[in-house]
Amino acid sequence: MAMQPWFTDAKLGIFVHWGIYAVDGVQESWSFYDDIVPHEQYMSQLERFTGAEYDPRAWADLFARAGAKYAVLTTRHHDGVALWDTEYGDLNLGRDYVGPYAEALREKGLKVGLYYSHSDWNHPDYASTRKPGRPPEQEDNRYSEVAAEDEDLAAWERFIAYRDGQIRELASRYRPDLMWFDGEWDRSEAQWRIPELAALIRSFVPDVVFNARMLSEGDYATPEQGAPVVPPDGPWELCLTINDSWGYQHHDHNHKSLAQLIRYFTETIGGGGNLLLDVGPMEDGTVPQPQVERLEGLGEWIRKHAESVYGTVRGLPAGHHYGPSTLSADRRTLYLTLFDIPRAEIGVRGLATKVSRVSVLGSGTELAHRVVGGLHEAVGVVWIDPPAQADLDPYATVLKVELDGELELYRGAGRF
């Protein structure tokens with residue numbers, strides 16, 4: 001299937017990690033899996049989760065103000081606790097939180113993404129087999145696998161039936177635009193029955209987008225936390241936390257600054273990707289204020305520079321400009337991002353297409369430019385006068401470089 005154009009033009013999505021782990025502010029699922037928190041204590045959060053202030057319209061409004069075009073909600077993490085009133089399995093919150101979320105997003109014109117973990121470390125039939133090829137001496141985790149001699153393929157069939165039942169509910173009820181899978185490492189593609197799972201979802205939503213953790217059925221790459229130095233080919237998305245945690249952890253105050261988040265964002269879209277920026281609501285459903293402030297600040301910057309964000313494609317390869325850039329869809333306008341106050345002229349190398357005009361996005365101030373050097377096919381450097389102090393953005397200034405035709409680049413080594 002061709003990639004859905006809405007995804008590649010979205011640029012920003014919001015990841016929402018919300019579940020019972022927010023009650024005590026512990027790491028989602030992994031805290032009991034790794035024996036950091038006793039399993040009984042972790043699961044006791046189920047009875048203490050209230051969602052008392054859950055307001056999906058407030059979420060959607062915040063996400064729209066941030067400039068996001070989609071959001072992804074953790075409908076069921078590895079702990080197996082469902083955020084909707086599922087008829088499959090025993091772990092849910094007795095209330096449908098997913099339906100109001102999907103409705104609120106669509107009211108704001110945002111695409112609906114649902115996260116679902118392939119793994120379920122609480123399901124009684126999950127730890128019934130193991131991934132093929134695992135070394136026999138590798139230590140087992142009791143929540144995810146059994147010794148080879150204890151495998152129970154009938155139990156695994158029951159688990160797949162449970163998984164398919166939940167997926168059928170999500171796909172048929174909420175018609176997601178995107179399904180964001182996780183936990184794929186625990187089993188093989190054949191064990192997950194990935195093609196059959198994809199066909200099941202597409203029977204309800206034919207145009208659904210899958211992330212790469214749907215393995216052979218994935219539509220785009222999903223780097224996590226680490227910004228790629230060399231952007232992946234094709235569509236991709238960087239999922240990133242605002243602090244160090246996915247879900248709410250009351251002790252985690254190590255929030256990235258707005259300046260850092262704008263850098264992550266501009267570098268990601270400059271490489272042709274989307275930024276999926278994570279928030280972790282508290283157990284009552286409210287988003288922590290430091291995260292609200294950063295989303296609102298990012299949205300303010302995006303609104304000012306929207307022309308360089310939406311309707312663009314990946315920009316110049318590394319080495320042409322010292323900073324990220326984007327390119328208009330017609331390939332006739334470059335947008336160059338400057339993070340620091342320029343001390344001198346800004347040089348752009350390898351532009352084989354003539355530059356007709358350069359201005360500061362947001363203020364419209366025109367900047368003088370000239371070409372210096374060049375020999376035969378090797379083109380000269382375009383030097384752009386630095387913007388005045390009054391034209392600089394406090395976080396990242398964008399220069400609009402209008403070209404006489406479609407962008408052509410010189411990528412050679414010159415005459416030897």
Side-chain angles (χ1 to χ4, degrees), residues 4-17 56-73 101-102 104-113 177-178 180 209 220 227 235-243 255-281 287-315 323-329 333 335-339 360-363 393-400:
Q4 295 300 309
W6 73 260
F7 180 84
T8 50
D9 194 42
K11 310 305 181 186
L12 180 66
I14 305 298
F15 214 171
V16 186
H17 273 71
R57 284 189 171 86
W59 283 9
D61 184 62
L62 172 62
F63 303 162
R65 295 201 310 274
K69 300 301 181 182
Y70 65 106
V72 178
L73 173 65
Y101 152 86
L105 288 189
R106 290 190 168 115
E107 286 175 358
K108 279 291 183 180
L110 305 183
K111 298 293 186 180
V112 174
D177 302 288
L178 184 152
W180 209 105
V209 174
Y220 67 90
W236 62 281
E237 170 194 76
L238 170 65
C239 52
L240 182 78
T241 53
I242 291 180
N243 51 10
H255 296 92
K256 298 172 182 66
S257 67
L258 177 56
Q260 289 174 330
L261 293 174
I262 289 173
R263 286 196 179 217
Y264 277 112
F265 177 67
T266 54
E267 289 170 353
T268 298
I269 67 171
N274 292 350
L275 179 63
L276 185 63
L277 190 58
D278 180 75
V279 298
V287 179
Q289 190 60 28
Q291 298 185 0
V292 171
E293 292 168 0
R294 282 156 178 79
L295 291 185
E296 290 178 336
L298 179 58
E300 185 177 344
W301 187 91
I302 290 174
R303 280 189 294 276
K304 180 180 176 182
H305 303 94
E307 183 183 331
S308 68
V309 175
Y310 307 116
T312 63
V313 297
R314 69 177 68 202
S325 61
T326 56
L327 178 65
S328 61
T333 306
Y335 300 95
L336 309 177
T337 301
L338 310 176
F339 292 129
V360 181
L361 197 61
S363 71
D393 184 89
Y395 298 105
T397 303
V398 178
L399 305 186
K400 179 179 180 179

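Position 1 is the first residue of the sequence, and the numbers go up from there. For clarity, every value in this text was computed on a predicted model and none was experimentally measured.
- Rounding to the nearest 0.5 angstrom, the gap separating the CG atom in Leu275 from the OG1 atom in Thr268 is 5.0 Å.
- Between Leu276 and Tyr70, the shortest heavy-atom distance links the atoms CD1-CE1, 3.9 Å.
- Residues Leu298 and Leu277 meet the side-chain proximity criterion, which asks for heavy atoms closer than 4.5 Å.
- The aromatic rings of Trp59 and Phe63 are tilted relative to each other, their planes meeting at an angle between 30° and 60°.
- Within the 4.5 Å cutoff, the side chain of Arg65 has no heavy atoms near those of the Leu295 side chain.
- Thr312 approaches Glu307 most closely through the heavy-atom pair CG2-O, 3.6 Å.
- Distance CG/Asp278 to NE2/His17: 5.5 Å, rounded to 0.5 Å.
- Side chains of Phe15 and Leu240 form no contact here, defined as non-hydrogen atoms less than 4.5 Å apart.
- Shown here for Ala68 and Leu110, the closest heavy-atom pair between the two residues is O-CD2, 3.2 Å.
- The shortest non-hydrogen separation linking Gly271 to Trp236 is O-NE1, 2.9 Å.
- For the pair Thr241/Lys256, a side-chain contact is recorded, criterion being any heavy-atom separation below 4.5 Å from C-beta on.
- Annotation: the span from Ile262 atom CD1 to Thr337 atom OG1 amounts to 10.5 Å, rounded to 0.5 Å.
- Side-chain contact between Gln291 and Asn243: present, with at least one pair of heavy atoms (C-beta onward) separated by less than 4.5 Å.
- Geometrically, Lys304 does not engage Tyr395 in a cation-pi contact defined by less than 6.0 Å to the ring centre and at most 45° from the axis.
- With contacts defined as side-chain heavy-atom distances shorter than 4.5 Å, the pair Leu399/Val360 qualifies.
- Classification of the Phe265-Trp301 ring pair by plane angle, with boundaries at 30° and 60°, yields perpendicular.
- Rounding to the nearest 0.5 angstrom, the gap separating the CD1 atom in Ile14 from the CD1 atom in Ile242 is 7.0 Å.
- In this structure, Ile302 and Tyr310 have side chains that are in contact, with non-hydrogen atoms separated by less than 4.5 Å.
- Panel note: side chain Tyr101, backbone Ala71; a donor-acceptor pair is recorded below 3.5 Å.
- A salt bridge does not link Lys69 with Asp177: every distance from a Lys NZ or Arg NE/NH1/NH2 to an Asp or Glu carboxylate oxygen is 4.0 Å or more.
- A salt bridge does not link Asp61 to Arg57: none of the charged side-chain nitrogens sits closer than 4.0 Å to a carboxylate oxygen.
- When all heavy atoms of Ser328 and Val313 are compared, the closest pair comes out as O-CG2, 4.3 Å.
- With rounding to the nearest 0.5 angstrom, the OG atom of Ser257 is 9.0 Å from the CZ atom of Arg263.
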Legend entry - side-chain contact (heavy atoms from CB on, under 4.5 Å) evaluation trace for Thr266 with His305: CA-CA 11 Å; Thr266 54; His305 303 94; over 6 Å; no
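- Rounded to the nearest 0.5 angstrom, Asp9 CG and Asn274 CG are separated by 8.5 Å.
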Inset, instruction - Could you go through the side-chain contact (heavy atoms from CB on, under 4.5 Å) check for Val72 and Leu178 one step at a time? - result: CA-CA 8 Å; Val72 178; Leu178 184 152; 4.1 Å; yes
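- Put simply, the side chain of Glu237 reaches to within 4.5 Å of the side chain of Phe7, judged on heavy atoms.
- Smallest separation of non-hydrogen atoms from Arg303 and Glu296: NH2-O, 4.4 Å.
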